[in-house]
Amino acid sequence: MTERSSSAQSPSHADSPQWLLNRAELTAVIAWLFAAPTPGELRIRLEQVQQRLLDEHDPLHAADDQAIRFTPEVLQAELEQIAAAQTLERAHYYLNRLQRSLDGPRFAPDSDIDLRRWKEYDDILTDSLWLIERRDGSGVHRADYWGNFVPQIPHQFIRRYTRPGEWVLDPFAGSGTTLIEARRLGRNAIGVELQPAMVRHVEELLAAEPTPHPTVAVIEQGDSLTVDFADLLRRYGTSTVQLVLLHPPYHDIIRFSDDPRDLSNAPTVDEFLQRLTILTERIAGLLDHERYLVLVIGDMYRHGEWYPLGFQAMEAVRSCGFRLKSIIVKNITGTQGKRGSNELWRYRALAGGFYVFKHEYLFLFQRR
Ligand SMILES: C[S@@+](CC[C@H](N)C(=O)[O-])C[C@H]1O[C@@H](n2cnc3c(N)ncnc32)[C@H](O)[C@@H]1O
C-alpha cells in the first residue's frame, strides 16, 4: 500500500509517498535472501524483490496492523547496498541490519527518533551549518513579527531533544512559533511574553491552529525575570520541562516595546547579559538534568565595531552550569524589509570595511 506521510511522529522524508509493507512477508523475503548460496544468486533474488516492490498488488504490499512503513528510495537504496556487497559476509551484515529494523524501534536519547531506521529521518539536521532557504509558512505561522525565528528552529530541536508528551518552555515566546510547533509535534509547551498585545495575538493563532494531539500550548503574559515559573508549570500539570528554547532580543537591535523590563531596553550590553544570566539561573532548575537548552541569538555592529553578543550570551548561559554541546551557525533568511535594505548594507559594507551579518547562532546546551 502506498500512502502520503503526514504524521509528525512517523519517520520523515515527510512529504514523499510511503510504502506500508507486510511485516511477515518482508521477513520471509529477507530470510530467502539470506539463503542465497552465492553473491550472484543473491543479486538475482534482489532484482526479483525490487520488481515485487514495484507491483502494488504483490503480497509485500498487503498491509495489516503489523505493517511497517518505508520510504521507497530508502528501502531501494538498502537493497542496492546489499547487491553491491562483494562478499556474502558483507551482504549478510546489511541484511541483518534490515532485519533488525523490523524488530521494533531503538530510540535515540531524549527523542522518538528510531535509530534502527535512521536513514528515514532525512530532514533532521545533524550538521553545525544550517542553510534554511525558506521559512515554513504553513498553518498559522506568520513572518510578520519582526524578530521571530523560522519555525524550522523549534521544529528541529523539539524533534531531536524531546519525546511526544514532554514539555517545552519558551520564556521569550514572541509570536508563539515554539508553541505552534510543539502543538503540531505532540509536545506540551508553555511560553511567557511581556507584551500583552502579543499574548492576545498568540492566543488567537493557537485558537486557529488545529490540535492534533491532546497536549497543552499556552502563553502567559509576564516578565520572565520575575514570573513564578514553578507555579506556572504546576498550574498546567508539570513541575519540570525537558527542553528550553531561549530567543531573547539581540539587545537593542530591535526594540520590542517601551517597557523597561523588556531585555531590548536594557541600558547597556552588560546589563542585558546580566539579565540573561539571572533568567537562565531562574529556569535552570526547572529543566530536567541532562536535558537541553537552546539559545538563539546574533551579534551586533555598533560605532564601526563588531560586538560578539552571541558569544557573550553563550558565556553567560555557560556560567550557569550548562555544558555546551554545539554551536550552530544559521543563515538569516531575508524578510521583505531586510531584502529592501540589502543593497544599502552592501554599499555600507564596501565603504566601511566590514562584512554584513548573514548568520546567527543556535547554541545548544545540556544541563549537567
Ligand atoms: C526575539 S523575540 C522572540 C521571537 C519568538 N521566538 C518568535 O518566534 O516569535 C523576543 C521576545 O521577547 C520578549 N521579551 C523581552 N523581554 C522580555 C521579558 N523580560 N520577559 C518576557 N518577554 C520578554 C519581546 O517582547 C519579544 O517578543
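Indexing begins at 1, ligand by ligand and atom by atom, following the structure's order.
Phe256 and Tyr145 have tilted rings, their planes meeting at an angle from 30° to 60° on a 0 to 90° scale. Below 30°, between 30° and 60°, or above 60°: for Phe365 and Phe363 the angle between ring planes is between 30° and 60°, a tilted geometry.
For atom 8 (O) of ligand 1, the nearest non-hydrogen atom of the protein is Thr177 OG1, 2.5 Å. Of all protein heavy atoms, the one lying nearest to atom 27 (O) of ligand 1 is Tyr145 OH, 2.6 Å. Scanning all protein heavy atoms for the shortest distance to atom 16 (N) of ligand 1 gives Leu263 N, 3.0 Å. With hydrogens left out, the protein atom closest to atom 19 (N) of ligand 1 is Asp223 OD1, 2.9 Å, a heavy atom. The protein heavy-atom contact nearest to atom 20 (N) of ligand 1 is Ser224 N, 3.0 Å. For atom 11 (C) of ligand 1, the closest non-hydrogen atom on the protein side is Glu193 OE1, 3.7 Å. For atom 6 (N) of ligand 1, the nearest protein heavy atom (residue, atom name, distance) is His247 ND1, 2.8 Å. With hydrogens left out, the protein atom closest to atom 14 (N) of ligand 1 is Phe172 CD2, 3.7 Å, a heavy atom.
Counting atoms of ligand 1 from 1 in the listed order, those under 4.0 Å from a heavy atom of Asn148 are 4 (C), 7 (C), 8 (O), 9 (O). For ligand 1, the atoms sitting less than 4.0 Å from at least one non-hydrogen atom of Gly147 are 1 (C), 2 (S), 4 (C), numbered in the order shown with element in parentheses. Near Pro171, the atoms of ligand 1 lying under 4.0 angstrom from a non-hydrogen atom of the residue are 21 (C), 22 (N). Below 4.0 Å from some heavy atom of Arg261 lie the following atoms of ligand 1, by number and element: 19 (N). Residue Asp262 approaches ligand 1 through these ligand atoms, each under 4.0 Å from one of its heavy atoms: 15 (C), 16 (N). For ligand 1 and Gly222, the ligand atoms under 4.0 Å from any heavy atom of the residue are 20 (N), 21 (C). In the vicinity of Phe149, heavy-atom distances shorter than 4.0 Å reach the ligand 1 atoms 6 (N), 7 (C), 8 (O).
Salt-bridge annotation for Glu203 and Arg200: absent, with no side-chain N of the basic residue lying under 4.0 Å from a carboxylate O of the acidic one. Salt-bridge formation is detected for the pair Arg163/Asp110: a Lys NZ or Arg NE/NH1/NH2 atom is positioned less than 4.0 Å from an Asp or Glu carboxylate oxygen.
Residue contacts with ligand 1: Ala173 is included, with a non-hydrogen atom under 4.0 Å away.
Atom CD of Gln50 has more than 12 neighbouring heavy atoms from other residues, nucleotides or ligands inside a 6.0 Å radius. Enclosure of atom CH2 in Trp118 is not indicated, since only 12 or fewer non-hydrogen atoms of other residues, nucleotides or ligands lie within 6.0 angstrom.
Judged by distance alone, with hydrogens and angles left aside, the side-chain atoms of His213 form a donor-acceptor pair with the main-chain N or O of Arg184 at under 3.5 Å. A donor-acceptor pair under 3.5 Å is absent between the side-chain atoms of Arg318 and the main chain of Leu324, judged by distance alone. Between the side chain of Arg255 and the main chain of Ser264, a donor-acceptor pair closer than 3.5 Å is present. Between the Asn22 side chain and the Ala62 main chain, a donor and an acceptor come within less than 3.5 Å of each other.
Some N or O of Leu194 is nearer than 3.5 Å to an N or O of ligand 1, by distance alone. For Asp170, no nitrogen or oxygen atom sits less than 3.5 Å from a nitrogen or oxygen atom of ligand 1, counting backbone and side chain alike.
The proximity of Pro248 to ligand 1, defined as any non-hydrogen pair under 4.0 Å, is limited to the backbone.
Under the 4.5 Å side-chain criterion, counting only non-hydrogen atoms from C-beta, Phe354 is in contact with Tyr301.
Of the N and O atoms on the side chains of Asp136 and Gln152, not one donor lies less than 3.5 Å from an acceptor on the other residue.
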